[in-house]
Amino acid sequence: MMRLTRVELRRLFSRRLTTIALLGALILTALMLFATYQQAKPLSGSELASQRTSFNEARKQWDANGPQQVQDCLAAQVEAQKADPKANLGCSTIEPKWANWGKPVAKYAELMPSVLSGASMLLAFVGFVIGAGFVAAEFSSGSMANWLTFEPRRLRVYTSKLGAAGLGLLPIALAVLSLLTAGTWLIVGHFASTAGTTTKVWGNLAQMGGRAVLLAVAAALAGAAMGVLFRHTAAVLGIAVGYLVLVEGVFRQALQGVQPWLLSLNFEAWLQHGAKYFPLVCKTDGQGSYSCQGVEKLLTFGHSSAYLGILVVLLVGLAALTFRRRDIS
Amino acid sequence: MTTATAELAISTRGLRKTYRNRKGRHVAVQGLDLDVPLGGVHGFLGPNGSGKTTTIRMLLGLVRADSGSMTVLGHDVPKQLPEVVGQVGAIVEAPKFFPAFSGRKNLQLLAEAIGRPRGVVDQVLEQAGLGDRGKDKYRSYSLGMKQRLAIAATLLKEPDLLIFDEPTNGLDPAGIREIRNTMRSLGEQGKTVLVSSHILDEVEQVADSVSIIGHGRLLASGTVNDVIGNQKATSMRVGVADLMAAQRILTDGGLLVQQESGLLVVTGTSDGAEITRRLACHDLFVNELTPVRADLESVFLELTADEGLETVGAPR
């Protein structure tokens, strides 16, 4: 069994699709680091001068019209409070202040979770593509039949292929996340601030990184299982893209009630240890006017863990049953 | 393992396989009883679609049989296939390897999967005549080289039984001869080679014994000579001093007669005594009388005539 998995790992890392996916991951990692640099770097002299000009202009307008603007704002607030007594239009904060101009100093502890979140989505996608291509290519090229004439125990073969897809993603995910963690630390440390990165913050980041690695591995397993079920990389990727475009994109607004079952939200809840979402609740008031409002809800970590876990187990199990019984051509 | 199956490399009883497709059910193999003796080359003949490849796939555990039993080298398959697979090398239809990997890399992965040392890969590549092309990508190989790589792969196991499914499909004459020589040589080494083909001439040239199937059923089986010899000769070669006179007499008697290489070939009868009697009545005396043996092609056509099967392609 270990021997078969070792062979599959060798094959995985010899594949061109794996190399292309790795290169893609590296390029996207570099782009993410570049985006971090853009966010962390202080304003240049010319940008600062431009900001100063803009502030002076706003200040000039405030000096001329400020009291009137505050009065208008307060009047609008009174009007708004008729519908919602808690309405606050922030009339006390509309005066332009230099502290609100320019660029806030980026902090590592605040920046890193969003970097990790983006990276984990990228890794999940890479894992899915690698897993799907790794297994489906064997069916479409016909080499699966040849392989089974050397090792006819199908469950062993299946386990070794999925095992290799999952194990193969481990070093890739660890490398990408380490690169991002270290790169972001260096960039933010040089241009902005790493203050406040306490042991607790590191602990949270480590846990989030761990969950990102697990998500990538699960995506690779799901991709490989779908590769077994559909036997063509293009078919698997077509289904994945179809889901993203249709379910997560086009019909998302119409699917308010099923948001807790959308993959993207569950990924977020898994990574961030819970995620808020705002389904629209629509109603007709006493005067007959129809209105919709986003209501804050929490998708718990437990929900996302169970949901994603069951999905992966179902896919892997179904693919195992199919592979065990299917005639191989 | 029974004594009977111990002497057989392959044995199937009542083997049946049905495929379902959009048009309904298609019976590929129906109650096939096949015996392949140990050692030598055994031809597995049948027209396209007669169930040869499905039978081979069932023997190798790639396709599940609906019913029936199979043994390979005395082991019940597919149940005991893992125990015997190390002794069985097989090429099913066209060779299928990873196209982006080199020939050597493909074989290295297979060798590693079955725990064979890496050194054996170069050995079998040499044996298959691919020693200097092992590093090239599989997709750049010609059909003949792909076939040779597939043979090299079967040799990784040091098998006792080799199963070649249509091994010369698409090969040029030199490639065909090479593959035939390889099969012959493996048979002479005491290995059992099962070669399936729809090309009768090919099987006749390399096989010691033969099984003929049509519509998924066994039509005939035995040594090549027996299978041919069991069929009635349908023509006679006749030597006589006056060919013209003899031809006229026999033609007048309702027989179809042609001159060929200084002899008469009389078609439509295998009755030598009748030919001799007719000619002797006209003072023409036979100096040569030979029944023309049916070749495998005519045997095949005769056997499959009642099955309503399509005629196979011309032998190469």
Side-chain angles (χ1 to χ4, degrees), chain A residues 1-23 130 133-161 163-164 168 227-228 231-233 321-329, chain B residues 17-20 28 53-54 56-66 72 77-86 88-102 105-116 137-139 146 149-150 153-154 156-157 159 162-163 165:
Chain A
M1 185 64 212
M2 284 309 295
R3 190 168 60 205
L4 277 182
T5 309
R6 229 177 14 243
V7 175
E8 293 293 356
L9 275 170
R10 273 192 61 209
R11 187 169 75 80
L12 177 72
F13 285 104
S14 304
R15 298 194 73 231
R16 202 169 45 175
L17 182 65
T18 309
T19 313
I20 291 169
L22 283 179
L23 280 176
I130 288 178
F134 178 59
V135 176
E138 278 200 85
F139 285 101
S140 47
S141 71
S143 47
M144 183 64 84
N146 194 28
W147 196 252
L148 288 172
T149 62
F150 280 75
E151 175 50 87
R153 286 168 288 197
R154 293 200 183 185
L155 277 183
R156 277 184 175 222
V157 170
Y158 176 77
T159 311
S160 67
K161 289 186 189 303
V228 170
R231 290 181 282 183
H232 286 280
T233 311
L321 281 178
T322 307
F323 184 63
R324 193 160 171 262
R325 299 190 59 83
R326 177 187 282 159
D327 290 343
I328 306 290
S329 57
Chain B
K17 175 68 185 178
T18 308
Y19 288 112
R20 285 193 200 105
T53 300
T54 301
I56 288 174
R57 286 185 189 283
M58 285 192 279
L59 287 167
L60 296 169
L62 299 175
V63 166
R64 294 162 72 90
D66 297 337
V72 171
V77 292
K79 197 177 170 189
Q80 295 175 323
L81 193 56
E83 291 158 41
V84 77
V85 76
V88 182
I91 308 171
V92 188
E93 288 187 310
K96 284 160 185 166
F97 292 94
F98 299 111
F101 292 172
S102 68
K105 176 108 188 172
N106 268 297
L107 294 194
Q108 278 172 349
L109 290 171
L110 290 171
E112 206 178 320
I114 57 170
R116 296 279 288 150
K137 285 202 189 320
Y138 175 73
R139 71 157 64 96
K146 286 178 179 174
L149 186 73
T154 65
L156 284 172
K157 300 182 188 179
L162 290 121
I163 299 174
D165 186 15

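Lettering follows sequence order; numbering is per chain, from 1. None of these values were measured; they are calculated from a predicted model. All values below were derived from every heavy atom in this structure, side-chain atoms included, with hydrogens, water molecules and symmetry-related copies excluded.
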- Item | Whether B:Lys137 side chain and B:Pro99 backbone form a donor-acceptor pair below 3.5 Å | no

- Looking only at A:Arg11, A:Arg153, A:Glu151, A:Arg154, the option with the highest number of non-hydrogen pairs under 4.5 Å against chain B is A:Arg11

- Closest non-hydrogen atom pair between B:Tyr138 and B:Phe98, with its separation: CB-O, 3.7 Å

- With a 4.5 angstrom heavy-atom cut-off, could you sort out which part of B:Ala100 is near chain A: side chain, backbone, both or neither? neither

- Query: Can you list every pair that meets side-chain hydrogen bond (donor to acceptor under 3.5 Å, both in side chains) and has a residue in residues 106-116 of chain B, with sequence neighbours left out?
  - Reply: A:Arg10-B:Glu112

- Please flag which part of B:Ile91 lies under 4.5 Å from any non-hydrogen atom of chain A: side chain, backbone, both or neither. neither

- Query: Which residue out of A:Glu138, A:Arg325, A:Met144, A:Arg326 racks up the most heavy-atom pairs below 4.5 Å with chain B?
  - Reply: A:Arg325

- Message: Quick check against the 3.5 Å criterion: does B:Lys157 have a side-chain atom that pairs as donor or acceptor with the backbone of B:Val85?
- Response: yes

- Note on the structure: Pair count under 4.5 Å, heavy atoms only, with chain A: among B:Ala94, B:Ala113, B:Ala150, B:Gly89, highest is B:Ala113

- Measuring heavy-atom distances to chain A, does B:Ala153 have an atom under 4.5 Å in its side chain, in its backbone, in both, or in neither? both

- Message: Just to verify, what does B:Glu93 make a side-chain contact (heavy atoms from CB on, under 4.5 Å) with, not counting sequence neighbours?
- Response: B:Thr53, B:Arg57, B:Lys96, B:Asp165

